[in-house]
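A note on names: the letters A, B, ... follow the listed sequences, proteins ahead of strands, and every chain is numbered from 1.
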2 protein chains.
Amino acid sequence: MARGSTRPTSRDVAQAAGVSQAAVSLVLGDKWRGRVSETTAERVREAARELGYRPNLAARNLRLGRTRTVLLVVPALTTEFFAGVYTGAARVAAERGFGVVLYPSPEGVGPARDPFASAQAALDGVIASSMAADALTAIRGDQLPLVMLDSDPEGSLGAATVNLDITDGTHQIADHLLGLGHRHFLHLAADIPSWTFEVRARALAARLAAVPGTSLRTAHTPMSIEGALAATEAALSAADRDHPTAVVCDDDKLAAGVYKALRRRGLRIPDDVSVTGVDDIALAAALDPELTTVRLDAELFGERGMQALLDVLDGRTPDAGDIPVELVVRASTAPPSTP
Amino acid sequence: MARGSTRPTSRDVAQAAGVSQAAVSLVLGDKWRGRVSETTAERVREAARELGYRPNLAARNLRLGRTRTVLLVVPALTTEFFAGVYTGAARVAAERGFGVVLYPSPEGVGPARDPFASAQAALDGVIASSMAADALTAIRGDQLPLVMLDSDPEGSLGAATVNLDITDGTHQIADHLLGLGHRHFLHLAADIPSWTFEVRARALAARLAAVPGTSLRTAHTPMSIEGALAATEAALSAADRDHPTAVVCDDDKLAAGVYKALRRRGLRIPDDVSVTGVDDIALAAALDPELTTVRLDAELFGERGMQALLDVLDGRTPDAGDIPVELVVRASTAPPSTP
DNA sequence: GCGCTCAAGTGTTACGTATAACGTCGCTCG
DNA sequence: CGAGCGACGTTATACGTAACACTTGAGCGC
């Protein structure tokens, strides 16, 4: 639905505080050293907080003729390298009061579009991954139309959601491994507090609980190869008996760390231990042996998210329905050895 | 240096075309069906082209109260998965005349900053990787202050450059392999037309040419694991004699494809063939065996780039000086076997 | 008591654009 | 012959903000 009441302006704040618009600008711009009394300044700040006032960036930029924003053009989003470049640039920029907007020239999708098209900013709406939960508070501050990716359809009040059918994916993984004869599992779980990972943990536990004689151990890890390596080593050391014969990872990248940990202990994949991932990124097929994983159609996910947001902006209710996922069986899973 | 003459406005265009500002707005906004004659419309377009007119986004957004821009919040830039999400979202958005601005919550750098700080847009300046060359034409259209990352200091007229000392890095790789006794090399080169890759090719060739009895073959490949796999297989099939004992990759990710190709042919690393990369991303240490590579400090690169741009914006001349790189010797390089 | 300064604000304007409302021709048609 | 109408524009205005120039009242020295 459309924005209910229009956004408050500095004039609304002024009226609420009983001062002129100019005074509001001075106070909120921190330029009131000896021009406004402390008491009125506080009154203005209070009114602004009350109304949920946010300055209109377009108007400010127009007035000032300057933006304090910089464009970073990178060849693709895929590389850790340019992620680092962005991080460094964003840090320095933030220190000097600048913002950074990213223009990733889209991969393989024809020639690069006009970079400035992606730099219009000031927002009509928001698409947010539930993994970026820490940023969500700031987003909910505004009343912007919001679409959540992979989030609790009930919990995210009012916001539309677009979800991958990760429950089905987890079930497929579990059934595949159970069918091979595995009974003792290690779940290498991402330590990100996000709905999607909670769902996977519940779905895996539920599916295994339905089969007698199964055991499930869970190890939490940061979302990095090194973290997965350390977490797996710790979990394997702790597992005195009921040694897991299958490691279920929340992400392909984690599997790379698991591979390393298993190699260090002299365990072979899949002969001694089976490993699975989620995502099916290029890395999955590059690992040795190639990784069995659940393929998520990331581009379709993005398209559906955007469709949903545009629907919301047009006053339509976006069509629900989870996006199906697909189990890709490769060489990292096999029946457990029977010693 | 500061912007010489201020940017032309629609009023300037109007004056140049001998019409009113409103007419310019009508013509350029494609809303002149029966309101302006074809001849005057063409005159307006010509004047706009002549002056290099670009509409002021801040003013337009202010006027329209709408942005046709959407924010995409993702947990990090590192993942191929969210790169796909962005690609899909950007495609759909473009079809409907919308732009997408990216807010990657910075990895591990404290809690997420205000997403809207990074969304101010309309630009004061540009930082561009030389790998995103296709986007550069559009950028040069404006007279925006520009900093190039890893670009020819002479060729990019006027623009400031910040470079990694990739020549030194290439020399270190070459010296390391030569020192181990290698003489027959395969250079797996990225097929991106960028200064940085040209420099590497020249530096490698020059260093090897200084040693008698060396051979150098070059294979070009797209910047992907699959591409590197195919290119390596093709190159190995073609290499009847003077079989390369060392493969020098332009990027760590390419090495993953090389590993796969070598395994397929039953060649062992480093016993039969040594492999090197560039970047030192997490993947490098996750490969088996761990990859010898040149470590580039991506964050420092980003920081220096931003420093340079802020210097330019302040009217200072940014300090030159290449950023040093470091050879990281791991397990993928060893003396060649002597049959 | 008069002029001066200083604190504490207010009135007004401009940034560049899009569009609603308003001319002004020349020509046609009744 | 005059009303009307389409073609071709123009004038005027508002979007929300920051900042310059100005006002007002009080305090204060002499």
Side-chain angles (χ1 to χ4, degrees), chain A residues 3 5-45 47-48 51-68 97 116 120-124 142, chain B residues 3 5-45 47-48 51-68 97 116 120-124 142:
Chain A
R3 209 86 51 74
S5 50
T6 69
R7 249 171 77 161
T9 76
S10 63
R11 218 175 314 262
D12 297 332
V13 175
Q15 186 168 0
V19 296
S20 74
Q21 179 267 334
V24 172
S25 183
L26 288 176
V27 171
L28 269 44
D30 255 3
K31 250 310 182 192
W32 56 284
R33 334 272 169 179
R35 333 234 316 124
V36 177
S37 73
E38 173 57 45
T39 50
T40 23
E42 183 50 36
R43 198 148 38 90
V44 167
R45 281 189 289 259
L51 295 177
Y53 168 72
R54 289 198 179 248
N56 180 320
L57 265 346
R60 172 182 305 194
N61 291 342
L62 175 58
R63 178 65 236 258
L64 295 179
R66 129 190 73 102
T67 311
R68 307 205 76 97
F116 302 101
Q120 313 210 7
L123 311 168
D124 280 353
D142 271 348
Chain B
R3 209 85 52 76
S5 51
T6 67
R7 249 170 77 160
T9 76
S10 63
R11 214 169 322 254
D12 296 332
V13 175
Q15 186 168 0
V19 298
S20 73
Q21 178 268 332
V24 173
S25 183
L26 288 175
V27 171
L28 270 44
D30 254 3
K31 251 310 181 191
W32 57 287
R33 334 273 169 178
R35 333 233 314 124
V36 177
S37 73
E38 173 57 45
T39 50
T40 27
E42 183 48 36
R43 199 149 35 92
V44 167
R45 281 189 289 260
L51 294 177
Y53 168 73
R54 292 199 177 244
N56 179 320
L57 267 344
R60 175 190 309 221
N61 291 343
L62 175 59
R63 175 68 232 257
L64 295 179
R66 131 190 72 100
T67 312
R68 307 203 78 91
F116 301 100
Q120 315 210 6
L123 311 168
D124 280 353
D142 272 349

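Taking 4.0 angstrom as the limit, B:Ser37 places a side-chain polar atom (N or O) nearer than this to OP1 or OP2 of D:dG9.
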Verdict with supporting geometry, B:Val24 and B:Val27, side chain to side chain contact (heavy atoms under 4.5 Å, CB included): CA-CA 5 Å; B:Val24 173; B:Val27 171; 6.0 Å; no
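Of the residues listed (B:Leu26, B:Val36, B:Val44), the one engaging B:Val19 in a side-chain contact (heavy atoms from CB on, under 4.5 Å) is B:Val44, and it is the only one.
Atom-to-atom, CD of B:Glu38 to P of D:dC8 comes out at 10 Å; the value is rounded to the nearest Å. The separation between B:Asp12 atom CG and C:dC15 atom C1' is 13 Å, rounded to whole Å. What separates CG of B:Leu28 from C1' of C:dT19 is a distance of 15 Å, to the nearest Å. For the pair B:Arg11 CZ and D:dT11 P, the computed distance is 11 Å after rounding to whole Å. Rounded to whole Å, atom C1' of D:dG16 lies 15 Å from atom CG of A:Leu26. With rounding to whole Å, B:Lys31 atom NZ is found 13 Å from C:dA20 atom C1'.
Residues B:Leu51 and B:Ala16 approach most closely at CD1-CB, 4.1 Å, considering heavy atoms. Counting all heavy atoms, side chain and backbone alike, B:Tyr53 lies closest to B:Leu28 at CE2-CD2, 3.4 Å.
Every side-chain contact (heavy atoms from CB on, under 4.5 Å) that B:Ser25 has, sequence neighbours left out, goes to B:Gln21.
Comparing A:Ser25 and B:Val36, the nucleotide of DNA chain D nearest to each residue sits closer to the 5' end for B:Val36.
Closest to the side chain of A:Thr40, out of C:dG9, D:dT17, C:dT17, is C:dG9. Listed nucleotides C:dT17, C:dG9, D:dT17 differ in distance to B:Thr9; the shortest reach to its side chain belongs to C:dT17.
Looking at residues 13-23 of chain A, you'll see A:Val19, A:Ser20, A:Gln21, A:Ala22, A:Ala23 sit with a heavy atom under 4.0 Å from some atom of DNA chain C.
The pair B:Glu38-B:Arg43 fails the salt-bridge criterion, with no side-chain N (NZ, NE, NH1 or NH2) lying under 4.0 Å from an Asp/Glu carboxylate O.
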Using atom names, set out every protein N or O paired with an N or O of nucleotides 21-28 of chain C below 3.5 Å, distance rounded to 0.1 Å.
| unit_1 | atom_1 | unit_2 | atom_2 | d |
| --- | --- | --- | --- | --- |
| C:dA21 | N6 | B:Arg35 | NH2 | 3.3 |

